[in-house]
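On a predicted model such as this, the values are computed, not experimentally measured, just so you know.
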Amino acid sequence: MIKLIVSDIDGTLVADGKSQVNPELLQVILKLRAKGVQFAAASGRQWASIESVFHSIREKIFYISDNGAYIGCCGRNLFLNTIDREVVESMIHDVRGRDDLDVMVSGPDVVYLETENEEFVRWLDEGYKFRICRVPDLTKVEDSFIKISVYRKNSVEGCTRDLRQIYGDKLKMTISGDMWLDCMKTGVSKGKAVEILQESLEISPKETMVFGDQLNDMEMMERAYYSFAVGNAREEIKKAARYQTDTNVNDGVLKILKLLL
């Protein structure tokens, strides 16, 4: 029997940057929950952005945000993984001055930006519904940090190879779609967060179903027997997943959940 369902959001439930899911999905999640099945949304987004997507059922699900650095429910932080401040400041300095890249630093509840890219800020605000704080100097922010994100409008993977070589042994670094390089504390991943939830809820991988599309979903595939890649997923995820469903725009996840229901 399935007792836990975990799904990525962007590229899996919705198109990148969108904040609305099929309303029927929310009703199906509630019906599954009434049968004893828990649901967790796992994303590189901050928890407030996840909450905006699932607002009407926000108190009925778990949030795995910032690629596993934050686990919460009902507006409460349950598990938090912070990054060493010296590493954060060093990476900020290395990204600064590169015209093709923007850097975003995530605290537990707010993302911090020093960019002058108004289009980027507006997209985060209006598209992702992020809680944003704009500052003149990221290294002066007095907060704990759980994620560093490097953004490029197109093809961030190729132009951040040097950063991944420099910081690969200091941070968990993962490509989250075409535009984001996300960096967390070493050992942090969506998969590790799923493992923590499983242990806390006494649910096994054989009782778990996961859905994903990008490299930051890879570790999740290893934590569930019922691992699904959506039809638009990267080939690496399709190979790692045991099953495949339809694309995000064709409600691939919803189709499987309705069958399960």
Side-chain angles (χ1 to χ4, degrees), residues 2 4-19 21 25 29 38-47 49-50 53-54 61-71 79 81 106 128 146-147 149-151 156-157 160 164 171-198 203 205-257:
I2 302 299
L4 174 64
I5 298 167
V6 186
S7 180
D8 170 55
I9 298 176
D10 296 289
T12 301
L13 292 179
V14 301
D16 287 344
K18 302 298 182 182
S19 291
V21 296
L25 174 70
I29 290 172
Q38 301 291 340
F39 181 87
S43 177
R45 298 176 181 226
Q46 68 175 184
W47 72 263
S49 179
I50 295 176
V53 176
F54 295 92
I61 66 173
F62 289 95
Y63 308 149
I64 297 175
S65 77
D66 298 280
N67 286 319
Y70 179 110
I71 305 174
F79 298 94
N81 290 283
S106 300
Y128 282 99
I146 60 174
K147 188 180 70 171
S149 298
V150 179
Y151 168 83
V156 73
E157 187 172 0
T160 56
R164 283 179 277 146
L171 295 165
K172 166 63 177 178
M173 310 182 80
T174 186
I175 299 296
S176 302
D178 191 47
M179 297 171 285
W180 296 100
L181 169 67
D182 285 338
C183 313
M184 294 75 61
K185 182 179 180 180
T186 301
V188 170
S189 69
K190 291 184 184 181
K192 183 62 179 177
V194 172
E195 181 181 357
I196 291 172
L197 269 186
Q198 289 170 329
I203 294 173
K206 288 186 177 181
E207 297 170 316
T208 304
M209 179 180 287
V210 301
F211 298 88
D213 74 309
Q214 281 291 337
L215 294 179
N216 61 334
D217 300 318
M218 184 67 75
E219 290 88 350
M220 286 206 307
M221 300 294 139
E222 301 168 1
R223 291 304 309 171
Y225 180 84
Y226 298 95
S227 55
F228 283 83
V230 288
N232 53 287
R234 287 181 63 131
E235 286 304 314
E236 298 97 321
I237 298 300
K238 290 181 179 179
K239 290 177 181 178
R242 188 169 275 108
Y243 305 102
Q244 186 172 320
T245 184
D246 207 339
T247 62
N248 58 339
V249 296
N250 288 328
D251 288 321
V253 175
L254 177 58
K255 288 177 180 178
I256 299 301
L257 297 192

Open item on the list: Within the 4.5 Å heavy-atom criterion, are Ile9 and Val14 side-chain neighbours or not?
Closed with: yes
Open item on the list: Salt bridge check, Lys192 against Glu195: does any charged N sit closer than 4.0 Å to a carboxylate O?
Closed with: yes
Task: Spatial distance of atom CZ (Arg164) from atom OG1 (Thr174) [nearest 0.5 Å] - done: 9.5 Å
TODO: Measure the spacing between CG of Asp217 and CZ of Arg234 and express it to the nearest 0.5 Å.
DONE: 11.0 Å
TODO: State the CD-CG distance between Glu157 and Leu215, to the nearest 0.5 angstrom.
DONE: 6.5 Å
Task: Check: Gln198 side chain, Arg223 main-chain N or O, donor-acceptor pair, under 3.5 Å - done: yes
- [ ] Output the distance between atom NZ (Lys255) and atom OG1 (Thr245), rounded to the nearest 0.5 Å.
- [x] 7.0 Å
Task: Check: Ser149 main-chain N/O paired with Asp182 side-chain donor or acceptor under 3.5 Å - done: no
TODO: Heavy atoms only: give me the nearest Ser227-Arg242 pair and the separation to one decimal.
DONE: OG-N, 2.8 Å
Task: Minimal non-hydrogen separation, Gly212 against Ala233, with atom names - done: O-CB, 4.0 Å
- [ ] Kindly assign one of parallel, tilted or perpendicular to the pair Tyr128 and Trp180, based on the angle between their ring planes and the thresholds 30° and 60°.
- [x] perpendicular
TODO: Classify the ring geometry between Tyr243 and Tyr225 as parallel (under 30°), tilted (30 to 60°) or perpendicular (over 60°).
DONE: perpendicular
Open item on the list: If you apply the rule side chain to side chain contact (heavy atoms under 4.5 Å, CB included), what do you find for Phe211 with Ile5, and how did you get there?
Closed with: CA-CA 8 Å; Phe211 298 88; Ile5 298 167; 4.0 Å; yes
Task: Heavy-atom check, side chain of Ser65 versus side chain of Arg45, under 4.5 Å - done: no
Task: Least distance between heavy atoms, Ala224 atom then Thr208 atom - done: CB-O, 3.4 Å
- [ ] Mind listing the closest non-hydrogen atom pair of Ala229 and Ala241 along with its distance?
- [x] N-CB, 3.6 Å
Open item on the list: Tell me if a side-chain donor or acceptor on Lys185 pairs with a main-chain N or O of Ile146 at a distance below 3.5 Å.
Closed with: no
Task: Closest non-hydrogen atom pair between Val150 and Val156, with its separation - done: O-CG2, 3.8 Å
Task: Heavy-atom side-chain contact between Met221 and Lys239 under 4.5 Å - done: no
- [ ] Working to the nearest 0.5 Å, report the span between CZ of Phe54 and CD1 of Ile29.
- [x] 5.0 Å
Task: Residue pair Tyr70 / Ile50, side-chain heavy-atom distance below 4.5 Å - done: no
Open item on the list: Looking only at side-chain N and O atoms, does Thr12 offer a donor or acceptor that is under 3.5 Å from a partner on Asp213?
Closed with: yes
Task: Non-hydrogen side-chain atoms of Met218 and Ile237 separated by less than 4.5 Å - done: yes
Task: Worked check of side chain to side chain contact (heavy atoms under 4.5 Å, CB included) between Asp251 and Asp246 - done: CA-CA 7 Å; Asp251 288 321; Asp246 207 339; over 6 Å; no
Task: Side-chain donor/acceptor of Lys147 to backbone N/O of Gly44, under 3.5 Å - done: yes
Open item on the list: Has Lys190 got a side-chain atom pairing as donor or acceptor with Ala42's backbone, closer than 3.5 angstrom?
Closed with: yes
Task: Residue pair Ser7 / Phe39, side-chain heavy-atom distance below 4.5 Å - done: yes
Task: Backbone N/O of Gly11 and side chain of Asn232: donor-acceptor pair under 3.5 Å - done: yes
Task: Asn67 to Ser176 - nearest heavy-atom pair and separation - done: ND2-OG, 3.5 Å
Task: More than 12 heavy atoms of other groups within 6.0 Å of Lys206 NZ - done: no
Open item on the list: Between Ile175 and Leu181, is there a side-chain heavy-atom distance shorter than 4.5 Å?
Closed with: yes
- [ ] Check whether any side-chain heavy atom of Leu257 sits under 4.5 Å from a side-chain heavy atom of Met209, and report yes or no.
- [x] yes
